[in-house]
Amino acid sequence: METALRDGFGRTHRSLRISVTDRCNLRCRYCMPAEGMRWLPREELLSDDEIVRLVGIFARHGVGEIRITGGEPLVRPGLPALIGRISAVPGVGDIAMTSNGVLLADAIDDLVANGLGRVNVSIDSLDPDRFEMITRRRDLDRALAGLAACERYPSLRPIKVNAVALRGVSEPDVLPLAGLARERPYVVRFIEVMPLDAPREWTREAVLSGEELREMIGARWPLLPMAPERPSATGTSWRFADGAGVLQFVSSVTEPFCASCDRLRLTADGQLRTCLFSTSETDLRTPLRAGADDDEIAAVARLAVSRKEAGHGMADPSWTYAGRPMSMIGG
Ligand code: SAM
Ligand code: SF4
């Protein structure tokens with residue numbers, strides 16, 4: 001392996017999240033507006049060849065954990081084949097995907113056959129009307145079918161279910177979702193809503209904190225803290241005291257985990273972001289298309305990583321919205 005990508009705070013980077021498309025088949029309220037999203041023109045998206053080449057460069061510098069995300073990754077044509085190519089890149093140890101599950105039931109066999117190793121399925125409510133209210137599409141059955149299809153593959157376990165928690169919206173969904181972790185082989189993860197929505201409607205008051213969620217759930221089923229999954233984990237893990245399952249709380253706003261962050265992000269149009277909340281990006285697509293060699297591209301990435309911000313700084317009163325919404329950055 002060539003030298004690792006280390007930042008000015010001593011953090012070594014091992015994980016790359018790749019947004020393979022900015023498009024989506026849902027319109028979750030905390031992510032996209034109902035109408036009027038403007039999609040990137042096709043020629044601005046990285047091609048499969050370009051993604052595979054960048055993965056190779058990152059993997060040679062110790063970034064071997066890949067997460068495929070978006071937008072909705074499954075709306076990108078040919079995704080299983082792309083995953084197959086990524087999994088064949090030397091140094092890539094682990095490929096995960098975050099999906100809303102709607103197109104997953106039909107794709108899962110192909111994805112696993114091509115090397116998909118882990119999956120997160122985002123489902124915010126188990127009630128069809130509430131799911132529609134949140135996502136603006138009546139697709140709960142398809143999302144649940146996608147989630148259930150993953151159970152056929154023990155290699156994918158534990159399957160993770162992501163649920164964004166919003167005050168005044170999510171309260172009725174919290175116990176049913178927590179209950180899912182007791183009944184099925186799923187780790188249910190509650191994510192604090194972050195200011196990454198395209199309409200820029202986030203408020204601090206909308207954040208239903210991990211602590212509040214633990215209190216709500218703990219009143220019904222006592223919870224016990226667990227050791228972190230790994231030092232760079234994005235969430236804290238808790239098990240039900242009676243032994244019936246595991247929950248995670250991704251409390252990015254109230255309990256930031258920036259100090260141990262080992263993640264980089266590549267947008268669908270080839271911009272490297274060192275933080276979800278970065279206000280600037282580093283263009284890798286231009287050098288890639290201009291014929292730069294791997295070492296030159298690695299040097300551009302290394303400089304960007306060396307300047308990585310200490311943290312997202314949301315506690316700072318001068319904090320402003322990041323340049324681009326979650327669906328373009330890749331959550
Ligand atoms: N479309 C896929 C999905 O929803 O799983 C992948 C992309 S989505 C941007 C990745 C994750 O980010 C999802 O779990 C989603 O719920 C979460 N997310 C989106 N907007 C968010 C926000 N404003 N705050 C916190 N999480 C958010
Ligand atoms: Fe689409 Fe995922 Fe955003 Fe929902 S959170 S609109 S599923 S990209």
Side-chain angles (χ1 to χ4, degrees), residues 17-37 39-40 67-76 79 96-104 107 111 116 118-125 131-140 142-144 146-147 150 159-167 169-170 173 177 186-204 206-210 213 234-235 248-257 263 265-268 273 276-277 312 314 321-322 324-331:
R17 302 184 172 216
I18 305 174
S19 172
V20 295
T21 177
D22 57 327
R23 294 172 194 240
C24 190
N25 44 0
L26 300 183
R27 292 290 181 279
C28 303
R29 293 178 172 274
Y30 48 75
C31 185
M32 291 191 185
E35 310 275 348
M37 275 301 281
W39 310 121
L40 290 166
R67 177 170 293 275
I68 304 294
T69 179
E72 171 49 35
L74 290 172
V75 306
R76 180 175 173 120
L79 185 71
M97 179 180 74
T98 305
S99 163
N100 62 33
V102 173
L103 300 172
L104 195 53
L111 292 166
L116 184 70
R118 291 184 296 134
V119 69
N120 289 45
V121 180
S122 306
I123 297 185
D124 297 327
S125 176
F131 181 93
E132 183 177 0
M133 180 268 290
I134 296 166
T135 65
R136 303 190 180 100
R137 299 286 186 274
R138 200 161 182 82
D139 271 332
L140 176 63
R142 292 170 77 198
L144 288 175
L147 182 59
C150 297
I159 297 157
K160 295 201 174 174
V161 175
N162 287 1
V164 173
L166 280 145
R167 189 183 307 287
V169 176
S170 308
D173 299 311
L177 286 165
Y186 309 151
V187 171
V188 175
R189 310 168 83 225
F190 291 97
I191 302 174
E192 290 181 354
V193 68
M194 294 180 275
L196 290 166
D197 54 313
R200 302 195 168 198
E201 288 167 355
W202 179 88
T203 61
R204 265 168 220 278
V207 178
L208 188 53
S209 72
L213 291 160
T234 53
Q248 288 179 344
F249 297 88
V250 183
S251 308
S252 323
V253 181
T254 64
E255 301 165 52
F257 33 81
R263 287 168 288 282
R265 293 184 152 81
L266 182 65
T267 66
R273 295 179 67 94
L276 260 181
F277 296 93
H312 59 50
M314 262 188 269
Y321 258 87
R324 295 210 265 181
M326 182 75 118
S327 58
M328 298 188 85
I329 299 167

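Counting starts at 1 for both ligands and their atoms, following the listed order. Excluded from the calculations below are hydrogen atoms, water molecules and symmetry mates; all remaining heavy atoms, backbone and side chain alike, are included.
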Distance filter under 4.0 Å to [X] heavy atoms, resulting ligand 1 atoms:
{"X": "Asn100", "value": "2 (C), 3 (C), 5 (O)"}
{"X": "Glu192", "value": "25 (C)"}
{"X": "Met194", "value": "22 (C), 23 (N), 24 (N), 25 (C)"}
{"X": "Asn162", "value": "14 (O)"}
{"X": "Gly70", "value": "7 (C), 9 (C)"}
{"X": "Thr69", "value": "6 (C), 7 (C)"}
{"X": "Ser99", "value": "2 (C), 3 (C), 5 (O)"}

task: State, yes or no, whether a side-chain contact exists between Glu132 and Leu140 at a heavy-atom distance under 4.5 Å.
output: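 Side-chain contact under 4.5 Å: no.
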- prompt: Is any N, O or S atom of Cys31 under 2.8 Å away from atom 4 (Fe) of ligand 2?
  reply: no
Residue pair [X] / [Y]: nearest heavy atoms and the distance that separates them:
{"X": "Glu192", "Y": "Thr254", "answer": "OE2-OG1, 2.6 Å"}
{"X": "Gly101", "Y": "Ser99", "answer": "N-OG, 2.8 Å"}
{"X": "Asp22", "Y": "Ala268", "answer": "N-CB, 4.2 Å"}

query: Hey, mind stepping through Asp173 and Phe131 against side chain to side chain contact (heavy atoms under 4.5 Å, CB included) and telling me if it holds?
result: CA-CA 10 Å; Asp173 299 311; Phe131 181 93; over 6 Å; no
- prompt: Any N or O of Cys24 that comes nearer than 3.5 Å to an N or O of ligand 1?
  reply: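 N/O-N/O distance below 3.5 Å does not exist for this pair.
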field: Thr98, any N or O under 3.5 Å of ligand 1 N or O
entry: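 By distance alone, the answer is no.
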- prompt: Using 30° and 60° as the class limits, which term best fits the ring planes of Phe190 and Phe249: parallel, tilted or perpendicular?
  reply: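 Geometry flag for Phe249 against Phe190: parallel rings.
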task: Take Asp124 and Ser170 through the test side chain to side chain contact (heavy atoms under 4.5 Å, CB included) and record every step on the way to the result.
output: CA-CA 8 Å; Asp124 297 327; Ser170 308; over 6 Å; no
- request: Indicate whether any N or O donor in one side chain lies under 3.5 Å from an N or O acceptor in the other, for Thr267 and Arg273.
  value: no
- prompt: Can you list the steps and then say if Leu111 with Leu104 is a side chain to side chain contact (heavy atoms under 4.5 Å, CB included)?
  reply: CA-CA 9 Å; Leu111 292 166; Leu104 195 53; 3.8 Å; yes
query: Can you tell me if an N/O/S atom from Cys28 lies under 2.8 Å from atom 1 (Fe) of ligand 2?
result: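 Looking at Cys28, which is the residue asked about, there is no N, O or S atom under 2.8 Å from atom 1 (Fe) of ligand 2.
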field: Nearest option to atom 6 (C) of ligand 1, as decided by whichever heavy atom of Cys31, Cys28, Ser122, Gly71 sits closest
entry: Gly71
field: Proximity winner for atom 8 (S) of ligand 2, if only heavy atoms of Gly101, Ala143, Gly71, Ser122 are counted
entry: Gly71
Numbered atoms of ligand 2 (with element) below 4.0 Å of Cys24, judged on heavy atoms: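 Heavy-atom distances to Cys24 below 4.0 Å select 1 (Fe), 6 (S), 7 (S), 8 (S).
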